[in-house]
Protein chains: 2
Amino acid sequence: MAGDVNFTLVQLRYFATAAEACSMTAAAQQLRVSQSAVSTAVSQLEHSLQVQLLIRHHAKGLSLTAAGSRFLQELKNFLAHADDLAETARGLGTRLSGELVIGCFLSLSPFLLPRLFAGLTEQHPDLRVQAIEGETEELQEALLNGQCELALMYEMDLAEPLTTEQITVAPPYVIVPPRHRFARRKGVRIAELAEDPFVLYDLPHSREYFMSLTASTGVSVQPRYRSSNYETVRSLVANGQGYSILNQRPVRDTTYDGGQVVTLPLLDPVSPLPVVLAYLRNTRLTRRAQAFAAFCRELLRSED
Amino acid sequence: MAGDVNFTLVQLRYFATAAEACSMTAAAQQLRVSQSAVSTAVSQLEHSLQVQLLIRHHAKGLSLTAAGSRFLQELKNFLAHADDLAETARGLGTRLSGELVIGCFLSLSPFLLPRLFAGLTEQHPDLRVQAIEGETEELQEALLNGQCELALMYEMDLAEPLTTEQITVAPPYVIVPPRHRFARRKGVRIAELAEDPFVLYDLPHSREYFMSLTASTGVSVQPRYRSSNYETVRSLVANGQGYSILNQRPVRDTTYDGGQVVTLPLLDPVSPLPVVLAYLRNTRLTRRAQAFAAFCRELLRSED
DNA sequence: ACCTAGGCATCAAAAAATTTGATGATGTGA
DNA sequence: TCACATCATCAAATTTTTTGATGCCTAGGT
């Protein structure tokens, strides 16, 4: 099982640097060693793996072979693993540092990220967290090419190398203006609103979800207004232009322009949209990402 | 992020060997190097990590410090990762070798393991697969202390460091003797069998599940017979001693003693038991385990 | 209390490995 | 064709690792 591994961590690091720089000379400068050190290290690595990793273009740098490219991808995880190991050992077990990039679905981010980031940087003051916000497709892309390690999004069919872990659910609810005839009710059914004008929160996947909700009750609802801006939707409702269905609830029921909306639970038996954490299956998460995931679970699991 | 890592793979391997042998001398013999080589390697590792890993008991071997113990656990994963990396690179990407230990819930194993093992060893002739069969608690224990990497079981609340991935579901069904009044039916409700004697398949968790199924229909059923042997249950039914509820279906409806049972779908809206793959969260699966998981998904996902 | 045996640390010397700087080989682009 | 940039190779220098010898420490036997 083990034992027949004779490469060294230094060789691996030199190769990774050279491969990413497409140049041994550049890599050598970056690593503050001589060019020949890089050259021999890469050769030895290739020899001990019995695989050619780089193609030498004589006057114009390097390029990766197919095998080299696959290897580099694995190698990056491995080197990150090595760094993690060192940090773990140094007893920096508690205080994390470095940078973590996560993805977050656009409409989710204002509700989740502030609390998550605040809590996380409180626990780990030296950790820099950065978010990529976007639609599901963009997040999937970012996960696949390694721009971010984790992404918070709604449950979706994702490409095979990705998995998800359900973190919480976002139950849909109705908002109506304060003067609305249902404003004092404890809850409402979609069918009861069939005659009211509908304001659609119009984002790629949310759109289909909200429309399917209204469709599932047998009522065919045509939106009177649409907006891809969450606050615009709320203001339209506050100003009596109709009702809307949303599934993230700000703490306050006041809109930007000072209006008010009333929040009503949906009485229809609808399935709430699961909020998941997506990441590359078969890949090891860094300690930073693990901490983020643990924090998501801790913070969001309880609020059913 | 990276860079401040100066230990070498050799140092790590020497330390791991010494820690597991509780002796540098023994480790040195095992590694075919001198005792002082191991001693200095460990010292250097401790120095570069700035952590004491081993306590030297002068006349009687070594023991791990708390930090050393945590580190060793991480280290084993890391060294496995290194081996994986080497194999990946050598283009042995397709042909896996070595040993894989998985766990499997007792009542599940005769239905799943033969096909999984057969398929897997066909793809990877050099891979030795071994199974630990047991109850949920035993499997959980085995996963936690690293006796197996993966376990196939029914969905359960597991200890925090474990996660699950749903692989398939096991829908419950009814078996009755061939002469039974419902034998020609297309399906049956539990309530319709309220007067019939019930044969309970009596295994720790399955027991509670089957009893809750009958309870959920409002009928209180007392089992007339119980057996923890799957084939005994089937033979009892074949011999007209009552009906039973099971959720794994052998290909043949013939029992060991030549009798016959008739399989009927349950018409009650019951929730089928999910079959999951459990493993340590936050831990990287070896390529062997990844292959097994992929094979489970491939083989079982399709059968609804 | 005093040996003794087993086990780890340490040291200088030897061996192995890595790195360097110089040089050579090879293709690119003007 | 010529300069130029890039990688490979070589011997020497340097660093790291290993070795074998030795010393120190403690548990356990007498």
Side-chain angles (χ1 to χ4, degrees), chain A residues 3-65 67-69 72 79 82 86, chain B residues 3-65 67-69 72 79 82 86:
Chain A
D4 53 342
V5 177
N6 24 269
F7 50 73
T8 70
L9 283 173
V10 171
Q11 287 168 2
L12 294 175
R13 262 185 239 116
Y14 284 13
F15 163 72
T17 313
E20 292 194 320
C22 289
S23 156
M24 294 197 179
T25 313
Q29 288 172 337
Q30 210 175 308
L31 294 161
R32 321 288 207 115
V33 294
S34 69
Q35 171 266 317
S36 63
V38 177
S39 176
T40 51
V42 171
S43 298
Q44 286 174 348
L45 181 61
E46 288 180 320
H47 185 77
S48 75
L49 295 174
Q50 313 204 47
V51 176
Q52 191 186 351
L53 299 171
L54 292 174
I55 300 166
R56 283 74 165 170
H57 300 290
H58 287 263
K60 207 76 205 298
L62 306 168
S63 63
L64 285 158
T65 62
S69 170
L72 179 61
L79 292 177
Chain B
D4 53 343
V5 177
N6 6 278
F7 52 72
T8 71
L9 283 173
V10 171
Q11 288 167 2
L12 294 174
R13 262 184 241 117
Y14 284 13
F15 163 71
T17 313
E20 293 196 318
C22 289
S23 156
M24 293 197 181
T25 313
Q29 288 172 336
Q30 210 175 308
L31 293 162
R32 320 292 207 114
V33 294
S34 69
Q35 171 264 318
S36 64
V38 177
S39 176
T40 50
V42 172
S43 298
Q44 285 174 349
L45 181 61
E46 289 180 319
H47 185 78
S48 76
L49 294 175
Q50 314 205 45
V51 176
Q52 190 184 351
L53 299 171
L54 292 174
I55 300 166
R56 282 75 165 171
H57 301 288
H58 287 265
K60 206 79 208 290
L62 305 169
S63 62
L64 284 158
T65 62
S69 172
L72 179 61
L79 292 177

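Every chain is numbered from 1 and lettered A, B, ... according to where its sequence line falls, protein lines coming before strand lines. It should be emphasised that the depicted structure is a prediction, and the values quoted were computed from it without experimental measurement.
In this structure B/His57 satisfies the side chain to side chain donor-acceptor pair (under 3.5 Å) test together with B/Ser63, sequence neighbours excluded. In this structure, the side-chain contact (heavy atoms from CB on, under 4.5 Å) partners of A/Thr17, at least two apart in sequence or on a different chain, are A/Ala27, A/Gln30, A/Leu31. By the side-chain contact (heavy atoms from CB on, under 4.5 Å) test, B/Gln35 is found to be paired with B/Thr25, B/Ala28, B/Ser39, residues two or more places apart in sequence or in another chain being considered. Under the side chain to side chain donor-acceptor pair (under 3.5 Å) criterion, A/Ser69 pairs with no residue, sequence neighbours left out. Judged as a side-chain contact (heavy atoms from CB on, under 4.5 Å), and not counting sequence neighbours, B/Gln29 has no contacts. Partners of A/Ser36 under the side chain to side chain donor-acceptor pair (under 3.5 Å) rule, at least two apart in sequence or in another chain, are A/Ser34. B/Ser43 is linked by a side chain to side chain donor-acceptor pair (under 3.5 Å) to nothing, counting only residues two or more places apart in sequence or in another chain.
Taking every nucleotide of DNA chain C with any atom under 4.0 Å from a non-hydrogen atom of chain A, the first and last of them, 5' to 3', are C/dT18 to C/dT28.
Less than 4.0 Å separates DNA chain C from at least one heavy atom of each of the following residues of residues 16-29 of chain B: B/Ser23, B/Met24, B/Thr25. Across residues 35-44 of chain B, B/Ser36, B/Ala37, B/Thr40, B/Gln44 each have a non-hydrogen atom less than 4.0 Å from an atom of DNA chain D (numbered order).
Applying the salt bridge (Lys or Arg N to Asp or Glu O under 4.0 Å) test to residues at least two apart or on different chains, the pairs with a partner in residues 41-58 of chain B are B/Glu46-B/Arg56. Counting only residues at least two apart or in different chains, ring-ring contact (aromatic ring centres under 6.0 Å, His included) contacts with residues 13-45 of chain A comprise A/Phe15-A/Phe71.
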